[in-house]
Structure formats: structure tokens, C-alpha cells
Visitor: 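Mind having a look at this structure? Questions to follow.
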Amino acid sequence: MPELGKYAVWVLSAYGVSLALIVAIVLQTVLRARRVRERLDKAEARRGNG
């Protein structure tokens, strides 16, 4: 790891926040995709295409 000097706390905090936001966005996307897939499956079942 490179020497960050007096800015280490700020740099590592920025990395931590960025990583947390990326994880949150991915999780939100996966959960939404599951909900949409369930709704699509139900709609197709109602139409008799499933």
C-alpha cells in the first residue's frame, strides 16, 4: 500500500464510502431484478404463456 501520509484517513474513508455505495447499488439492482422477474412471471401466467 502506498504511503498516504497525513491524508490516509481521508483517502481510505473515500474508498470505504465508494465501496459501500457500489455494494448498495448492486444489491438494490439484484433485489429489483427479482421483483420484476416475479411480476413478469405472474403476468405471463395470467396470459397462459408460462
Side-chain angles (χ1 to χ4, degrees):
M1 184 163 138
E3 178 60 40
L4 300 173
K6 65 181 181 177
Y7 300 107
V9 172
W10 294 105
V11 172
L12 296 177
S13 296
Y15 276 115
V17 169
S18 298
L19 181 62
L21 288 173
I22 291 170
V23 168
I25 290 169
V26 169
L27 182 61
Q28 179 184 13
T29 302
V30 169
L31 294 175
R32 181 176 169 92
R34 286 182 183 172
R35 286 193 310 267
V36 169
R37 170 55 67 191
E38 288 173 6
R39 289 176 63 189
L40 180 59
D41 288 344
K42 287 179 184 177
E44 288 178 344
R46 283 195 306 265
R47 291 190 74 208
N49 294 338

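Because the structure is a prediction, the values reported are computed rather than measured.
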Visitor: Between Tyr15 and Leu4, is there a shared hydrophobic cluster once you connect ILVMFWY residues whose side-chain heavy atoms come closer than 4.5 Å?
Guide: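 Same hydrophobic cluster.
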
Visitor: Say whether Tyr7 and Leu12 are linked into one hydrophobic cluster, either directly or through other cluster members, by side-chain heavy-atom distances under 4.5 angstrom.
Guide: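 Cluster IDs for Tyr7 and Leu12 match.
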
Visitor: To the nearest 0.5 angstrom, please state how far the CZ atom of Arg46 sits from the CD atom of Glu44.
Guide: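 One gets 10.5 Å once the value is rounded to the nearest 0.5 Å.
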
Visitor: Does Arg39 have any salt bridge (charged side-chain N to carboxylate O under 4.0 Å, His left out) partners at least two apart in sequence or in another chain, and if so, which?
Guide: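 Residues passing salt bridge (charged side-chain N to carboxylate O under 4.0 Å, His left out) with Arg39: none at all.
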
